[in-house]
Number of protein chains: 2
Amino acid sequence: MSNGISLKELAAELKLAPSTVSRALNDSYEISEATKKKVISMAEKLNYQPNPFARSLRENKSKTIAVIIPERINNFFAQVMDGIEEIAHEHGYHLLVYSTHEDVEKEKKIVSLLQNKRADAIVMSVSSQTSDVSHLVKLYQRDLPIIFFDRVCSDIPTTKFITNDYESAYEGTKHLIQQGCQKIAFLMLAKELSITKERYRGYLDALKEAGMQPEPTFSLHCCRSDEENIQLITELLKSENRPDGILSSVEKLALATYHSVKKTKLSIPDDLKIITFSNMSSAGLLSPSLSTITQPALTIGQECAKLLIKKLTKPRHNELKDQVIVIPSKLTIRESTMAR
Amino acid sequence: MSNGISLKELAAELKLAPSTVSRALNDSYEISEATKKKVISMAEKLNYQPNPFARSLRENKSKTIAVIIPERINNFFAQVMDGIEEIAHEHGYHLLVYSTHEDVEKEKKIVSLLQNKRADAIVMSVSSQTSDVSHLVKLYQRDLPIIFFDRVCSDIPTTKFITNDYESAYEGTKHLIQQGCQKIAFLMLAKELSITKERYRGYLDALKEAGMQPEPTFSLHCCRSDEENIQLITELLKSENRPDGILSSVEKLALATYHSVKKTKLSIPDDLKIITFSNMSSAGLLSPSLSTITQPALTIGQECAKLLIKKLTKPRHNELKDQVIVIPSKLTIRESTMAR
DNA sequence: TTTAAATACGAAATCGATTGCGATTTTTTA
DNA sequence: TAAAAAATCGCAATCGATTTCGTATTTAAA
């Protein structure tokens with residue numbers, strides 16, 4: 001009894017044809033209620049479990065969605081995953097999860113593995129290294145439904161879910177200015193990333209509106225390595241012309257800044273104010289507590305899954321339109337941006 | 001050209017039999033080098049991708065491992081996942097990921113979904129509500145290889161990977177005592193959990209060795225809700241006979257404690273010292289920085305995957321022995337346990 | 001009462017890759 | 001040079017569920 005029984009064996013037990021049993025279990029109108037009951041009862045008794053691969057092979061769909069994220073140890077992505085999973089499970093879908101670790105090569109490998117339709121669709125946020133998107137175009141050409149979120153890929157004509165990056169960055173910068181900051185720096189991952197572009201634009205516009213000049217050294221490009229980032233930020237903070245405010249476009253760079261500040265004689269928020277995009281639940285517990293722009297991660301995940309499943313369920317009526325859907329973030333002011 | 005071509009179509013293109021093409025691609029000795037080259041070259045040209053479900057159906061294995069964790073927004077589990085994924089990908093395995101959200105009912109549903117061999121094996125950490133394990137026994141009886149980590153299930157005779165829970169809790173408690181704590185509390189999730197049992201034992205033994213009595217109100221059972229936990233801990237801290245030291249068996253309860261402390265007039269570490277099991281990278285950035293017992297999460301994940309893949313690759317030679325493998329944690333002392 | 005239609009079910013093809021076995025050709029051995 | 005052995009490759013079955021088509025029985029209509 002190690003491995004379950006097959007449909008054929010179940011049919012034999014019932015002295016029925018496999019086709020009949022299949023139809024009975026799938027509640028076909030062609031089968032009488034009497035036999036349906038018999039079949040279902042026997043199926044339960046013998047704990048029959050349909051083979052998912054036989055079904056996938058036959059129906060050419062796997063009831064599986066692949067999710068590709070840049071990293072797992074990240075509150076934002078973890079929350080998005082929870083949102084996706086919630087909706088997916090409601091509709092009987094499974095989740096194949098892949099992390100690129102911010103590495104394009106790894107991303108390419110993963111994408112290549114998915115070409116064989118192991119998953120019915122893909123939800124992804126590209127790595128910070130991704131600028132050439134030919135590997136993603138290939139997916140699109142294969143007719144694999146794909147949805148982007150957060151770090152989107154404007155070249156691929158499909159639906160994207162993002163937050164109001166421009167406005168949030170603009171508001172965050174404006175807040176820093178209102179709190180008295182004169183020299184505001186912008187911390188970013190790769191500048192090719194959609195989110196850094198938009199957030200940078202918001203940052204620049206807020207500066208311009210306040211009549212402030214963006215200094216070149218204040219646009220800091222960071223990388224994957226936490227150590228290097230801390231080093232870079234420390235240098236910036238120790239430089240003669242150091243900033244008195246920071247808008248960090250991602251959570252990890254704000255944390256790196258906290259580490260850097262520890263290495264200097266500066267103090268937050270007196271010498272340096274900082275606000276960051278972040279979904280860290282313990283932002284309020286940092287020293288000092290960290291002002292954040294919180295993205296609607298769970299909702300983003302849910303919406304991605306909802307749209308995708310609609311598309312998978314009714315392929316004709318629901319195409320993935322080339323559009324960007326924006327779900328706004330929430331500003332939470334804490335100690336790190338307090339005016340003295 | 002929307003969907004890829006099949007083996008049969010590829011064979012037709014080459015004017016060969018499907019069997020020959022299959023063997024050529026699988027590097028069979030029965031095929032000449034000349035045709036192998038032709039086949040491989042044509043396969044690349046037409047971008048042939050074998051159908052994974054046809055293969056799974058035939059070979060009765062999916063090259064997929066299911067991972068079940070209690071929650072995703074948790075540094076420990078995220079790191080374990082990274083470890084599992086690293087090894088799994090090295091061997092061409094995919095990961096189906098499920099989160100139970102600490103809910104047994106959800107856990108049962110997920111486990112039930114996996115009975116049909118959608119995954120070749122399972123790596124899991126049980127939910128804090130799990131006490132009855134009949135749903136897991138069923139998996140075992142179905143011959144589905146399963147490995148537990150961290151929150152293990154001693155009733156199931158298979159391999160388990162844990163950290164040295166007893167010793168770490170013992171050392172952590174001893175450290176608190178050395179720092180001058182007289183009344184030490186223990187924060188736990190469900191008491192049925194393997195990790196709380198072991199960590200509690202370590203806590204008790206350290207107390208006993210120091211000649212201290214464990215007070216009943218100092219063993220605090222917490223739950224899933226952060227709000228309720230903060231409430232519970234706040235009450236404890238406001239009680240007449242309040243503790244001056246805390247050993248937290250999981251990260252989230254330490255964070256809840258920080259929140260609770262904010263609601264009282266107490267201060268860490270002067271009035272209350274705290275150390276916790278945690279894999280939070282920003283533990284050093286909290287106010288005050290948090291002393292931690294860091295589990296070897298990545299290694300645990302890697303070892304789980306390694307063992308499982310060995311078992312899947314050589315089913316005869318590698319049974320999953322009923323044993324517990326211990327990988328030690330690391331104590332990191334920070335401000336939260338400093339003596340005045 | 002005869003015929004048409006509805007009901008209930010079975011036989012066999014199908015999805016795509018793998019593999020045991022047989023057939024043919026080439027090479028080796030006696 | 002004939003027989004044995006090796007090298008190559010094709011045919012067809014197989015994995016398990018679904019579905020098209022067909023058939024037998026029952027019911028309704030004429």
Query raised in the report: Does a sphere of radius 6.0 Å around NZ in B/Lys106 hold more than 12 heavy atoms from other residues, nucleotides or ligands, not counting ones at 6.0 Å or beyond?
Result: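 More than 12 heavy atoms, drawn from other residues, nucleotides or ligands, come within 6.0 Å of this atom.
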
Query raised in the report: Can you tell me if NZ on A/Lys63 sees more than 12 non-hydrogen neighbours from other groups inside 6.0 Å?
Result: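 More than 12 heavy atoms, drawn from other residues, nucleotides or ligands, come within 6.0 Å of this atom.
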
What is the distance, rounded to the nearest whole Å, between atom [atom1] of [X] and atom [atom2] of [N]?
X        : N      : atom1 : atom2 : value
A/Phe53  : C/dT18 : CZ    : P     : 15 Å
A/Ile5   : D/dC15 : CD1   : C1'   : 16 Å
B/Glu30  : C/dC21 : CD    : C1'   : 10 Å
B/Asp27  : D/dC9  : CG    : P     : 13 Å
A/Glu9   : D/dA17 : CD    : P     : 9 Å
A/Asn116 : C/dC15 : CG    : P     : 19 Å
A/Leu57  : C/dC15 : CG    : P     : 9 Å
B/Arg58  : C/dA17 : CZ    : C1'   : 8 Å

Do [X] and [Y] make a side-chain contact, defined as non-hydrogen atoms from C-beta onward lying under 4.5 Å apart?
X        : Y        : value
B/Gln129 : B/Asp103 : yes
A/Lys306 : A/Glu86  : no
B/Thr130 : B/Glu192 : no

Taking any heavy-atom pair under 4.0 Å as a contact, classify [X]: base, sugar-phosphate, or nothing.
X       : value
B/Ser19 : base
B/Asn60 : nothing
A/Ser6  : sugar-phosphate
B/Ser56 : nothing

Between [options], which nucleotide gets closest to the side-chain atoms of [X]?
X       : options                : answer
B/Ser32 : C/dT18, C/dG16, D/dC9  : D/dC9
A/Ile31 : C/dC9, D/dG16, C/dC15  : C/dC9
B/Asn26 : C/dG16, D/dT18, C/dT18 : C/dT18

Report task. Show your reasoning for whether side chain to side chain contact (heavy atoms under 4.5 Å, CB included) applies to B/Ile122 and B/Ile147. Result -> CA-CA 6 Å; B/Ile122 300 176; B/Ile147 285 186; over 6 Å; no

Requested in this report: Kindly indicate whether the side chain of B/Arg23 and the base of D/dG10 share any N or O donor-acceptor pair separated by less than 3.5 Å?
Outcome: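 Yes.
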
Within less than 4.0 Å of OP1 or OP2 of [N], is there a side-chain N or O belonging to [X]?
X       : N      : value
B/Arg55 : C/dT18 : yes
B/Tyr48 : C/dA17 : yes
B/Asn51 : C/dC15 : no

Requested in this report: Would you mind reading off the bend of the helix from C/dT1-D/dA30 to C/dA30-D/dT1 from its two end axes, five pairs each, to 10 degrees?
Outcome: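 Axis-to-axis angle, ends of the helix: 50°.
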
Query raised in the report: Angle class for the B/Phe76/B/Phe149 ring planes (parallel below 30°, perpendicular above 60°, tilted otherwise)?
Result: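 The rings of B/Phe76 and B/Phe149 sit tilted, inter-plane angle from 30° to 60°.
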
Query raised in the report: Should the pair B/His94 and A/Tyr98 be assigned to parallel (<30°), tilted (30 to 60°) or perpendicular (>60°) ring geometry?
Result: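 Ring orientation of B/His94 relative to A/Tyr98: perpendicular.
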
